[in-house]
Protein chains: 2
Amino acid sequence: MDSIDRSMLRLLQDDATLSNAALGEKLSLSVTPCWRRRKHLEDQGVVTGYQANIDRRAIGLDLLAFVHIRINIHSDKTADNFEAVVRSRPEVLSCHKVTGDADYILQVVASDLDAYGDFIERVLRKQTGVASIQSSVALREVKFSSKFPIPDES
Amino acid sequence: MDSIDRSMLRLLQDDATLSNAALGEKLSLSVTPCWRRRKHLEDQGVVTGYQANIDRRAIGLDLLAFVHIRINIHSDKTADNFEAVVRSRPEVLSCHKVTGDADYILQVVASDLDAYGDFIERVLRKQTGVASIQSSVALREVKFSSKFPIPDES
DNA sequence: GGTGAAAGCGAGGACCA
DNA sequence: TGGTCCTCGCTTTCACC
């Protein structure tokens with residue numbers, strides 16, 4: 001992984017539809033070496049896939065919330081069960097075990113407050129070990145990106 | 001936007017490299033109508049772009065944190081300034097104005113705790129109006145997805 | 001919604017510096 | 001590593017039904 005690879009990652013994060021020729025031009029590389037590097041990044045698992053980005057509002061997902069969850073039964077079984085549920089629910093965009101006041105922070109989307117409330121009450125609140133749930137509903141999206149900054153060296 | 005469009009969005013979120021032929025086959029559509037629908041979704045802005053997904057660890061971004069920020073000067077100028085800084089910093093993946101205890105929740109990545117600390121102290125803490133900063137560092141990534149669930153109707 | 005056709009592109013291979 | 005062909009089959013994107 002050198003600086004050309006990192007530039008390639010930056011470009012592909014911005015626009016995955018770039019052809020090898022267009023990509024190569026931006027990197028001062030011709031088609032084949034460009035293609036070889038790209039394939040290498042894919043085979044190594046640095047590039048994990050290509051996806052279309054969708055406007056959340058356009059598909060009716062008007063609500064996004066951060067959910068802070070505290071767990072009061074600290075057994076592996078409770079954690080495994082909770083995490084399996086979270087992974088299986090498509091409305092949960094992300095879930096992280098975190099330091100600080102909460103045990104888990106989740107990002108959840110829903111079409112409106114009703115649907116969100118349903119999810120909290122009927123799914124999350126029902127899980128064993130869930131001691132408290134605190135929601136922070138997004139009032140405004142200041143920034144939303146699924147692009148990582150690529151460090152100059154790694 | 002009908003159910004075929006929604007299925008198309010689901011498929012393209014999973015794999016943006018699908019050709020119109022492959023996509024059409026899954027949707028029981030021939031190439032041209034498939035391409036027309038796809039183009040329509042792009043032109044409407046439902047599909048906002050295509051991007052490569054990258055393994056955060058592979059590029060050395062070992063740390064992800066949620067940052068809860070409280071603001072004590074509630075003027076438009078303070079807010080605009082803060083939001084502009086946040087938008088300009090690539091290590092900030094997302095920033096939302098939220099309900100609840102915090103005014104803003106940010107998602108921030110960094111290569112390690114040192115780099116994260118630097119960002120908090122040298123960038124965020126320096127902004128006027130920032131009253132408190134509370135970090136929740138991710139200990140484990142239970143789920144991380146940048147795919148939205150596509151509702152059956154919208 | 002569907003066909004067909006022109007032009008372009010992608011995935012490789014072969015081979016050289 | 002990087003570069004230059006070259007090829008085959010597929011893709012995109014058009015005009016037209």
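Below, chain A is the first sequence line, B the second, and so on; all start at residue 1. Quantities reported herein were computed from a predicted structural model and do not represent experimental measurements. Below, all heavy atoms of this structure are taken into account, side chains as well, without hydrogens, waters or symmetry copies.
A:Ser7 contributes a side-chain N or O that, together with a main-chain N or O of A:Ser3, makes up a donor-acceptor pair within less than 3.5 Å. Looking at A:Arg70, its side chain never comes within 3.5 Å of a backbone N or O of A:Ile133 through a donor-acceptor pair.
Considering only side-chain N and O atoms, B:Ser19 lies under 4.0 angstrom from the phosphate OP1 or OP2 of D:dT11. A sub-4.0 Å separation between OP1 or OP2 of D:dT12 and a side-chain N or O of B:Asn20 is present.
Counting to the nearest Å, the P atom of D:dT13 and the CG atom of B:Asp43 are 11 Å from each other. Going from atom CG of A:Asp2 over to atom C1' of D:dT1 covers 10 Å, rounded to whole Å.
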Side-chain donor/acceptor pairs under 3.5 Å, residues 142-149 of chain B, sequence neighbours excluded:
from     : atom 1 : to       : atom 2 : distance (Å)
B:Lys143 : NZ     : A:Arg87  : O      : 3.0
B:Lys143 : NZ     : A:Arg89  : O      : 2.9
B:Lys143 : NZ     : A:Val92  : O      : 3.1
B:Ser145 : OG     : B:Lys147 : N      : 3.0
B:Ser146 : OG     : A:Gln51  : OE1    : 3.2
B:Lys147 : NZ     : B:Asp14  : OD1    : 2.5

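For A:Asp43, the CG atom counts as densely surrounded, since its 6.0 Å shell holds more than 12 non-hydrogen atoms of other residues, nucleotides or ligands.
Ring centroid separation for the pair B:Phe66 and A:His96 comes in under the 6.0 Å cut-off.
B:Val86 places a side-chain heavy atom less than 4.5 Å from the side chain of B:Leu106.
Protein chain B contacts DNA chain C over a range whose 5' and 3' limits, counting nucleotides with an atom under 4.0 angstrom from a non-hydrogen atom, are C:dG1 to C:dG4.
Only one option out of B:Arg36, B:Arg38, B:Arg37, B:Lys39 pairs with B:Asp5 in a salt bridge (Lys or Arg N to Asp or Glu O under 4.0 Å); it is B:Arg37.
Against DNA chain D, the stretch residues 31-42 of chain A makes heavy-atom approaches under 4.0 Å through A:Thr32, A:Pro33, A:Arg36, A:Arg37.
A side-chain donor from one of A:Tyr116 and A:Ser135 sits under 3.5 Å from a side-chain acceptor of the other.
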